[in-house]
Amino acid sequence: MVKCIGALVLTATCFLAASATATTLEGKVVHVRDADTIEIATSRGRIAVRLNGVDAPELDERGGQAGKRWMRNIYGNAVVTCQFNGARTYDRYVAVCWDKNGTDLGAAVISAGHARDCPRYSGGRYRKYETDASRAIRPKSYCR
């Protein structure tokens, strides 16, 4: 157990050092927490990724479980490339991620109606992908 904790701390420390500037990593989606947070397995270890500029319902909110299912069905086990911006939120590193076809995961989940643009962090990048269903999601106060 102590070795596992030490390895996690070392992985996080190495990633943090690399994240002082933008870092791009490829990894396999090994876990979907919800529609805007995934975990990827990379050459630097397992990393929790918060999709930058994407606002999805929490799991206990209306649509939260459906968004998680959608993300898991579409991107579970997919190989993605993430561009990290160096920011962290809780235990997650903030990034924009693309699948092997170049599809932005944030744009995809918003287009599917399971999340909305968070302009405070996206700069409005995802607004054009919003649908009636995504606009029906109540925006978080920190996104305004």
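Heavy-atom basis, side chains included; hydrogens, waters and symmetry copies ignored.
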K.L.:
Are side-chain heavy atoms of Asp34 and Glu58 found at a separation under 4.5 Å?
P.N.:
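They are in contact (side-chain heavy atoms under 4.5 Å apart), so the answer is yes.
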K.L.:
Could you point out which residue of Lys28, Arg46, Arg92, Arg72 forms a salt bridge (Lys or Arg N to Asp or Glu O under 4.0 Å) with Glu39?
P.N.:
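Considering Lys28, Arg46, Arg92, Arg72, a salt bridge (Lys or Arg N to Asp or Glu O under 4.0 Å) with Glu39 is found only for Arg46.
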K.L.:
So, the side chain of Asp55 versus the backbone of Cys118: is there a donor-acceptor pair under 3.5 Å, distance only?
P.N.:
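Not a single qualifying donor-acceptor pair exists.
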K.L.:
Which pair of heavy atoms, one from Asp104 and one from Gly106, lies closest together, and at what distance?
P.N.:
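Scanning both residues completely, I find the closest heavy atoms to be OD1-N, 2.7 Å.
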K.L.:
Going from OG1 on Thr103 to CH2 on Trp98, what distance comes out if it is rounded to the nearest 0.5 angstrom?
P.N.:
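Output value for this atom pair is 11.5 Å.
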K.L.:
Do Leu25 and Leu105 sit in the same hydrophobic cluster, where Ile, Leu, Val, Met, Phe, Trp and Tyr count as joined when their side-chain heavy atoms come under 4.5 Å apart?
P.N.:
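In one cluster: yes.
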K.L.:
Decide, yes or no, whether a salt bridge links Arg127 with Asp117 under the criterion of side-chain N to carboxylate O below 4.0 Å.
P.N.:
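No, this pair does not count.
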K.L.:
My understanding is that only one of Val29, Thr81, Val30 makes a side-chain contact (heavy atoms from CB on, under 4.5 Å) with Ile40; could you say which?
P.N.:
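The single option meeting the side-chain contact (heavy atoms from CB on, under 4.5 Å) with Ile40 is Val29.
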K.L.:
With hydrophobic residues grouped by side-chain heavy-atom distances under 4.5 Å, do Val54 and Trp70 end up in a single group?
P.N.:
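In one cluster: yes.
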K.L.:
Minimum heavy-atom separation for Ala48 and Arg33, please, with both atom names.
P.N.:
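Nearest heavy atoms, Ala48 then Arg33: CB-NH2, 3.5 Å.
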K.L.:
Using a strict threshold of under 4.0 Å (side-chain N to carboxylate O), is an ion pair present between Arg50 and Asp36?
P.N.:
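A salt bridge links Asp36 with Arg50.
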K.L.:
Look up atom CG in Asn73 and atom NZ in Lys68, then write down how far apart they are to the nearest 0.5 Å.
P.N.:
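Reported to 0.5 Å precision, the distance equals 11.5 Å.
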K.L.:
Is there side-chain contact between Tyr126 and Val109, with at least one heavy-atom pair below 4.5 Å?
P.N.:
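The answer is no; the side chains never approach within 4.5 Å.
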K.L.:
Please name the pair of heavy atoms, one in Arg88 and one in Asp91, separated by the smallest distance, quoted to 0.1 Å.
P.N.:
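Looks like NH2-CA, 3.4 Å.
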K.L.:
Would you say Tyr75 and Val32 make side-chain contact, with heavy atoms under 4.5 Å?
P.N.:
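SC-SC contact between Tyr75 and Val32 ruled out.
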K.L.:
Using 0.5 Å steps for rounding, measure from the CD1 atom of Ile110 to the OG atom of Ser122.
P.N.:
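So the gap between those two atoms works out to 7.0 Å.
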K.L.:
Is any side-chain heavy atom of Gln83 closer than 4.5 Å to a side-chain heavy atom of Asn52?
P.N.:
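Not in contact.
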K.L.:
Out of curiosity, Cys143 SG to Arg120 CZ, how far, rounded to the nearest 0.5 Å?
P.N.:
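Here the rounded value is 8.5 Å.
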K.L.:
For atom CZ of Arg138, is the number of surrounding heavy atoms from other residues, nucleotides or ligands below 6.0 Å larger than 12?
P.N.:
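Counting neighbours around CZ of Arg138, 12 or fewer heavy atoms of other residues, nucleotides or ligands fall under 6.0 Å, so no.
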K.L.:
How far apart are the closest heavy atoms of His114 and Ala56, and which atoms are they?
P.N.:
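What the structure gives for the nearest pair is O-CB, 3.8 Å.
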K.L.:
Could you state whether Val96 and Phe84 fall into the same hydrophobic cluster, counting links through intermediate Ile, Leu, Val, Met, Phe, Trp or Tyr residues with side-chain heavy atoms under 4.5 angstrom apart?
P.N.:
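Linked, Val96 and Phe84 end up in one cluster.
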K.L.:
Determine whether Thr23 and Arg44 make a side-chain contact, defined as any pair of heavy atoms from C-beta on separated by less than 4.5 Å.
P.N.:
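They are in contact (side-chain heavy atoms under 4.5 Å apart), so the answer is yes.
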K.L.:
Quick one: pull up CG in Leu51 and OH in Tyr121 and give me the separation to the nearest 0.5 Å.
P.N.:
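Going from CG on Leu51 over to OH on Tyr121, the span is 14.5 Å.
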K.L.:
Can you tell if the side chain of Val49 reaches within under 4.5 Å of the side chain of Val80, non-hydrogen atoms only?
P.N.:
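In short, these two side chains do not touch, never coming nearer than 4.5 Å.
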K.L.:
Take a 6.0 Å sphere around OH of Tyr142 and say whether it holds more than 12 heavy atoms from other residues, nucleotides or ligands.
P.N.:
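Yes.
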